[in-house]
Amino acid sequence: MKTVVVLVLFLVLTFLHQDDWYWNDKTLWFGFLPAGLGYHAIYSVVAALFWYLVSKFAWPHKTEEWAEQGDA
Amino acid sequence: MTTFYILVGYLCLLIGLGLVSNKFFKGTSADFFVVSRSVGSFLLLMSIFGTTMTGFALVGSTGKAYTSGIGVYGLMASWSGLVHSAVFFAVGIKLWAVGKRYGYVTQCEYFRDRFESEKLGYLLFPILVLLVIPYLLVGVIAAGKFIQPTTAGLFPDAFPMPNLPNGKPHPLSGGVPPWIGSGVICLIVLFYVFFGGLRGAVWANTFQTIVFMITGLIAFVMISKNLGGLKEASQAVADSEFASPRLAREGMMGKLQFMSYFFVPLSVGMFPHLFQHWLTAKSAKNFRLTVVAHPLFIMIVWLPCILIGIWAAAYLGPLGPGQTANSVLGRMVGQLVHSPILTGLVGAGVLAAIMSSLDSQFMCLGTMFTNDIVIKKVGPDRFSDDQKIWIARGFILAVVAVTYGLGIYLKDSAHVFDLGVWCFSGFAALFPLVFAAVYWKGVTKAGAYASILSTVAVWCVLFYRDIIAEKPPGMEEDELLIGGMMPVTIMIAVSAVSLIVVSLITKKPSESTIRKFFA
């Protein structure tokens with residue numbers, strides 16, 4: 001279930017990257033930050049937040065345990 | 001000379017770091033190749049980030065924003081923030097786990113066992129090496145070409161250049177020539193990798209990542225201050241007929257091109273030098289910080305550079321004859337800040353970004369030659385641990401020498417930097433292979449061969465069309481797009497379809513292999 005949620009959220013983020021609504025917008029946010037650039041800066045922060053949530057709630061603990069067994 | 005002394009001081013610090021890292025060297029091959037799998041969260045984050053960010057992160061991003069505007073951030077930075085972390089999480093941790101459990105050091109070792117084929121390693125090995133070498137060349141050439149203008153005028157007697165045809169002095173006259181600049185950079189990287197192994201690279205990467213992140217921010221603050229402030233700098237762009245299109249993406253890039261850049265950062269899944277860094281982690285938990293902080297770190301480095309790039313379009317105007325977009329950052333620092341100290345610091349930052357990729361690449365090629373060819377041929381017990389380390393050092397020395405020689409020979413070739421893009425595309429096109437190896441029990445040896453061979457075939461055809469074949473007049477500089485998309489889209493599609501179709505109709509891997517790799 002967790003994997004499905006992570007995949008769906010990842011797909012949502014992938015679609016949100018294509019911000020056609022700011023494609024030709026030259027507005028300067030706060031007087032200096034072009035709208036399209038500001039949007040993608042926020043996108044980077046949201047991506048980090050997404051990965052924080054993934055690492056908190058969907059961490060692959062089993063993979064770690066399997067590796068530590070080490071029968072090499 | 002202040003600028004020069006800062007650069008020299010920085011390089012001396014790296015030599016010192018190499019000596020210190022050697023003191024911690026345990027003398028085992030596991031320590032030389034994968035730091036005894038003991039690297040913690042912070043060093044893993046900094047070394048992986050430093051390795052993925054090349055000199056392009058500071059110099060190229062500014063230049064690209066100057067020519068193509070703010071969309072460059074979405075193309076390269078925000079996509080990478082999302083996709084790199086996804087690859088670290090979905091593939092990196094899995095590969096770390098099999099590496100730790102079965103003692104792998106290189107990708108070929110893993111793929112050989114996973115696909116039950118010794119020959120697969122011999123097929124993959126030259127492909128990986130050939131894809132890494134142009135990537136290395138870009139770094140070596142960029143270092144030499146960056147040092148020359150940064151030191152121009154400092155040594156007029158030692159390195160004079162003839163005047164320009166219009167009688168004016170050559171702008172590079174008195175600068176340290178590329179053959180010396182590239183050579184010094186190669187020697188310094190060689191020094192700390194030779195003596196410290198991957199530990200030397202990890203430590204140096206951490207230090208260099210801190211340096212290029214801080215110097216980039218200092219340059220941003222100083223440049224914006226000297227342009228009258230953030231608002232004034234950006235308003236000048238809006239008011240300039242030449243610069244204002246760069247505030248949006250219309251006319252600067254296509255929507256499909258923007259979307260299809262998604263596939264380019266998948267390349268990190270197949271970079272052999274990143275594979276080696278993943279294996280250094282002490283535990284899977286150490287990946288958490290890397291996965292979370294990577295998008296933020298990319299933003300910290302890229303956002304200021306993109307703004308400097310569009311401000312430069314308003315401040316500098318169109319490029320003059322002989323000027324390139326990659327010189328934009330240096331020109332903005334030189335013309336606006338007038339501080340030899342800052343020029344030196346930014347110079348150190350650019351070299352830091354270049355060297356933090358070079359060291360890992362040199363190291364991984366030495367590791368691959370030793371483990372995938374020599375030890376594979378003679379058996380793991382033929383050499384002592386100490387001998388394996390010296391074999392690796394010998395290969396690293398040879399790789400540095402060959403790269404340096406090629407770098408000097410090709411330094412004026414127009415296509416070397418284009419090769420870098422094609423390296424990324426090649427690695428990205430092999431991503432379906434590693435993804436399937438990790439997640440699909442049903443992927444077969446024949447499917448792996450089909451994927452690799454079809455990737456090579458499509459890569460060669462598209463490479464020929466973009467780099468070798470003659471283009472119509474006026475389109476020589478245009479990026480090759482297929483149906484408006486990046487060529488990597490087609491390459492990944494062909495690679496994935498070949499892998500899936502052939503795997504579905506060929507013999508499945510043995511039960512023992514499935515049990516070995518799937519918990």
Side-chain angles (χ1 to χ4, degrees), chain A residues 2-3 5-72, chain B residues 69-71 73-74 77-79 81-83 85-86 88-90 93-94 96-104 224 229-235 237-238 244-251 255 258-259 262 283-285 287-289 291-299 302-303 306-307 310 519:
Chain A
K2 281 178 185 172
T3 308
V5 173
V6 171
L7 279 175
V8 168
L9 288 175
F10 182 79
L11 281 176
V12 170
L13 275 176
T14 304
F15 282 113
L16 286 174
H17 187 275
Q18 192 71 16
D19 60 326
D20 286 358
W21 49 92
Y22 285 129
W23 196 259
N24 201 21
D25 190 337
K26 293 182 182 173
T27 310
L28 294 173
W29 290 357
F30 311 111
F32 79 96
L33 191 61
L37 185 58
Y39 175 84
H40 278 277
I42 293 170
Y43 183 91
S44 295
V45 176
V46 172
L49 183 66
F50 166 69
W51 288 115
Y52 170 74
L53 294 173
V54 170
S55 71
K56 200 159 178 61
F57 298 109
W59 193 252
H61 295 289
K62 282 183 184 169
T63 303
E64 190 163 10
E65 286 162 17
W66 178 79
E68 299 294 350
Q69 288 166 12
D71 58 4
Chain B
I70 56 132
Y73 185 91
S78 59
W79 262 147
L82 180 71
V83 176
S85 288
F88 299 157
F89 178 78
I93 295 173
K94 291 271 188 188
W96 166 83
V98 291
K100 184 168 178 84
R101 190 170 165 121
Y102 300 117
Y104 296 131
S224 66
L230 293 172
K231 287 183 180 176
E232 288 71 12
S234 292
Q235 193 54 49
V237 181
S244 65
R246 288 154 179 78
L247 291 172
R249 280 159 282 177
E250 186 66 39
K255 288 184 178 176
F258 189 74
M259 189 170 68
F262 166 86
S283 88
K285 290 185 189 73
F287 278 81
R288 280 180 199 256
L289 186 61
V291 168
V292 175
H294 197 79
L296 295 177
F297 271 36
I298 290 180
M299 186 185 74
W302 279 70
L303 192 61
I306 299 295
L307 282 169
I310 60 168

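All heavy atoms count here, side chains included; hydrogens, waters and symmetry mates do not.
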Next item on the list: Under 4.5 Å, counting heavy-atom pairs only, tell me which of B/Phe287, B/Trp302, B/Trp79 racks up the most with chain A.
Entry: B/Trp79

Checklist line | Test item: side-chain donor near acceptor, A/Thr27 and A/Tyr22, under 3.5 Å | finding: no

Note to self: Tell me whether A/His17 contacts the main-chain N or O of B/Gly74 through its side chain, where contact means a donor paired with an acceptor under 3.5 Å.
What the structure shows: yes

Next item on the list: Side chain from CB out, backbone as N, CA, C, O: work out which of these in B/Phe258 comes under 4.5 Å of a heavy atom of chain A, or both, or neither.
Entry: both

Check: Quick one: of B/Gln235, B/Arg288, B/Glu232, B/Met259, who has the most non-hydrogen atom pairs under 4.5 Å with chain A?
Finding: B/Arg288

Next item on the list: Carefully, step by step, assess A/Tyr43 and A/Val46 under the rule side chain to side chain contact (heavy atoms under 4.5 Å, CB included).
Entry: CA-CA 5 Å; A/Tyr43 183 91; A/Val46 172; 5.6 Å; no

Item checked: Proximity of A/Trp21 and A/Tyr39 rings by center, below 6.0 Å -> yes

Note to self: Need one label for B/Trp96: side chain, backbone, both or neither, based on atoms under 4.5 Å from any heavy atom in chain A.
What the structure shows: side chain

Margin query: I'd like to know which of A/Phe30, A/Tyr52, A/Phe10 tops the heavy-atom pair count under 4.5 Å against chain B.
Written below: A/Phe10

Next item on the list: To the nearest 0.5 Å, tell me how far A/Thr3 OG1 sits from A/Leu7 CG.
Entry: 7.0 Å

Notebook entry, point to check: Which of the residues A/Leu33, A/Asp20, A/Leu13 is involved in the greatest number of heavy-atom pairs with chain B at under 4.5 angstrom?
Noted result: A/Asp20

Next item on the list: Side chain from CB out, backbone as N, CA, C, O: work out which of these in B/Val237 comes under 4.5 Å of a heavy atom of chain A, or both, or neither.
Entry: neither

Notebook entry, point to check: Hey, does the side chain of B/Ser85 reach the backbone of B/Leu82 with a donor-acceptor pair shorter than 3.5 angstrom?
Noted result: no

Next item on the list: Heavy-atom distances under 4.5 Å only: say whether B/Ala293 touches chain A with side chain, backbone, both or neither.
Entry: neither

Check: Looking at B/Ser224, B/Ser234, B/Gly71, B/Ser78, which makes the most heavy-atom pairs under 4.5 Å with chain A?
Finding: B/Ser78

Notebook entry, point to check: Charged N to carboxylate O under 4.0 angstrom, B/Arg249 versus A/Asp19?
Noted result: yes

Note to self: Would you compute the distance between atom CG of A/Leu28 and atom CG of A/Leu37 and round it to the nearest 0.5 angstrom?
What the structure shows: 10.5 Å

Notebook entry, point to check: More than 12 foreign heavy atoms under 6.0 Å from NZ of A/Lys26: is that the case here?
Noted result: yes

Margin query: Taking side chain as everything from C-beta outward and backbone as N, CA, C, O, which of these in B/Leu230 sits under 4.5 Å from a heavy atom of chain A? Side chain, backbone, both or neither.
Written below: both

Check: How about B/Ser283 and A/Glu68: do any of their side-chain heavy atoms sit closer than 4.5 Å?
Finding: yes

Margin query: So for A/Lys56, is it side chain, backbone, both, or neither that comes closer than 4.5 Å to the heavy atoms of chain B?
Written below: backbone

Item checked: chain B contact via A/Asn24 - side chain, backbone, both or neither, heavy atoms under 4.5 Å -> both

Next item on the list: Would you mind telling me which of A/Ala35, A/Gly36, A/Ala41 has the largest number of heavy-atom pairs within less than 4.5 Å of chain B?
Entry: A/Ala41

Check: Which bit of B/Leu289 is near chain A, if near means a heavy-atom gap under 4.5 Å: side chain, backbone, both or neither?
Finding: neither

Checklist line | B/Ser244 portion near chain A, given a 4.5 angstrom heavy-atom threshold | finding: both

